[in-house]
Structure formats: structure tokens, C-alpha cells
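Scroll down for the structure; my scribbles are underneath it.
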Amino acid sequence: MAIDDKTRTELEAAAFRRLVEHLKTRTDVQNIDLMNLAGFCRNCLSNWLKDAADAQGVPLSKDESREEIYGMPYETWKAKHQGTATPEQIGAMKKVHPHNH
């Protein structure tokens, strides 16, 4: 695929925005399930967004980057949507990520 850098960046940004919007609607999917299945979660995305902002010299706090990904303050999302991890989820997390996430 021969595309210029600007177009590539726009396509990648569109895919990222779609992923974020999708995750905002799938509040039934818990972060621990994402970690166990894919090795990343919403917090990882927010950290990657903050890392990118830092690299560009764009001021973005950790709370602001999380709000971009969750669509609301992180504590609000946790209160509304985060369930208690089951022993099976915790066991899978320890197996997949033995050094903690």
C-alpha cells in the first residue's frame, strides 16, 4: 500500500478513535479480561496516549488521558462499570502476567 505519511497518520488516528469509541460502548468488557486476552487494557491505551502527548510536548495529565479513553473520569467509570474480579480472572492474570501489570 503506497500512501503518504499524512494519510497514514490520519488512517491510524481514525482506527484509534474507532477502537476507543468501541471500548466506550463495551462497558461489559472488563479491563482484566482485555489484559488476559490481549495483553493491554483501557489504562494501557490511556498511558500510550499520554506517552505520545509527552513525546510531542503536549501537556496532558494522567487523569486527562484516562478521561479521553474512558469518556468520563476514571473513578466514575470504575464506580459505574468495573466489577469485582473473579478468582478465575485473577488466576489467569497471574498466569499471563506473572510480574503484575
Side-chain angles (χ1 to χ4, degrees):
M1 180 165 59
I3 57 174
D4 61 82
D5 289 346
K6 180 180 180 297
T7 301
R8 176 181 295 279
T9 299
E10 290 171 355
L11 295 175
E12 291 169 346
F16 177 79
R17 286 191 295 269
R18 189 168 179 176
L19 171 63
V20 169
E21 289 306 313
H22 181 78
L23 288 173
K24 285 178 184 175
T25 65
R26 289 299 311 268
T27 56
D28 59 314
V29 177
Q30 297 294 299
N31 280 337
I32 194 168
D33 294 325
L34 289 170
M35 284 301 300
N36 288 338
L37 293 172
F40 77 98
C41 68
R42 294 172 181 87
N43 289 337
C44 297
L45 286 175
S46 70
N47 291 338
W48 298 339
L49 181 63
K50 181 169 179 8
D51 290 347
D54 290 347
Q56 294 287 320
V58 176
L60 183 69
S61 71
K62 183 175 181 175
D63 288 342
E64 290 169 331
S65 68
R66 284 188 168 184
E67 191 163 339
E68 285 294 320
I69 300 301
Y70 286 92
M72 63 185 72
Y74 179 54
E75 293 304 321
T76 301
W77 191 93
K78 281 177 40 178
K80 292 176 78 172
H81 305 294
Q82 185 168 305
T84 302
T86 66
E88 292 79 15
Q89 288 171 316
I90 293 169
M93 181 79 165
K94 287 180 180 175
K95 184 182 280 185
V96 175
H97 305 283
H99 304 293
N100 290 329
H101 169 63

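Treat the numbers as computed from the prediction; the structure is a model and nothing was measured.
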Ignoring hydrogens and angles, write down the donor-acceptor pairs under 3.5 Å from the side chains of residues 18-32, residues two or more places apart or on other chains.
residue: Glu21; atom: OE2; partner: Lys24; partner atom: NZ; Å: 3.2
residue: Lys24; atom: NZ; partner: Glu68; partner atom: O; Å: 3.3
residue: Thr25; atom: OG1; partner: His22; partner atom: O; Å: 2.7
residue: Arg26; atom: NE; partner: Asp28; partner atom: OD1; Å: 2.8
residue: Arg26; atom: NH2; partner: Asp28; partner atom: OD2; Å: 2.7
residue: Gln30; atom: OE1; partner: Gly83; partner atom: N; Å: 2.9
residue: Gln30; atom: NE2; partner: His81; partner atom: O; Å: 2.9
residue: Asn31; atom: OD1; partner: Arg42; partner atom: N; Å: 3.3
residue: Asn31; atom: OD1; partner: Arg42; partner atom: NH1; Å: 2.9
residue: Asn31; atom: ND2; partner: Tyr70; partner atom: OH; Å: 2.8

Taking C-beta and beyond as the side chain, do Asp63 and Tyr74 meet within less than 4.5 Å on heavy atoms?
-> no
[X]: partners by side chain to side chain donor-acceptor pair (under 3.5 Å), with sequence neighbours left out:
X     : result
Thr84 : none
Asp33 : Gln89
Asp51 : none
Glu64 : Ser61

Gap between atom CG of Asn47 and atom SG of Cys41 - 0.5 Å precision | 8.0 Å
Atom pair NE2 (His97) and CG (Asn36), whose distance is rounded to the nearest 0.5 Å = 6.0 Å
Those residues that, when tested against [X], pass salt bridge (Lys or Arg N to Asp or Glu O under 4.0 Å) (two or more places apart):
X     : value
Lys62 : none
Glu67 : none
Asp54 : Lys50

Verify the cluster assignment for Ile69 and Trp48: are they in a single hydrophobic cluster under the rule of side-chain heavy atoms below 4.5 Å apart?
-> yes
Check residues 8-16 and write down every donor-acceptor pair under 3.5 Å in which the side-chain atom is one partner and the other belongs to a residue at least two apart or another chain.
residue: Thr9; atom: OG1; partner: Asp5; partner atom: O; Å: 3.0
residue: Glu10; atom: OE2; partner: Lys6; partner atom: NZ; Å: 2.4

Could you tell me which residues satisfy side-chain contact (heavy atoms from CB on, under 4.5 Å) with Ala53, sequence neighbours excluded, listed by chain and number?
-> Val58, Leu60
Shortest non-hydrogen contact from Ala85 to Ile90?
-> CB-CG1, 3.8 Å
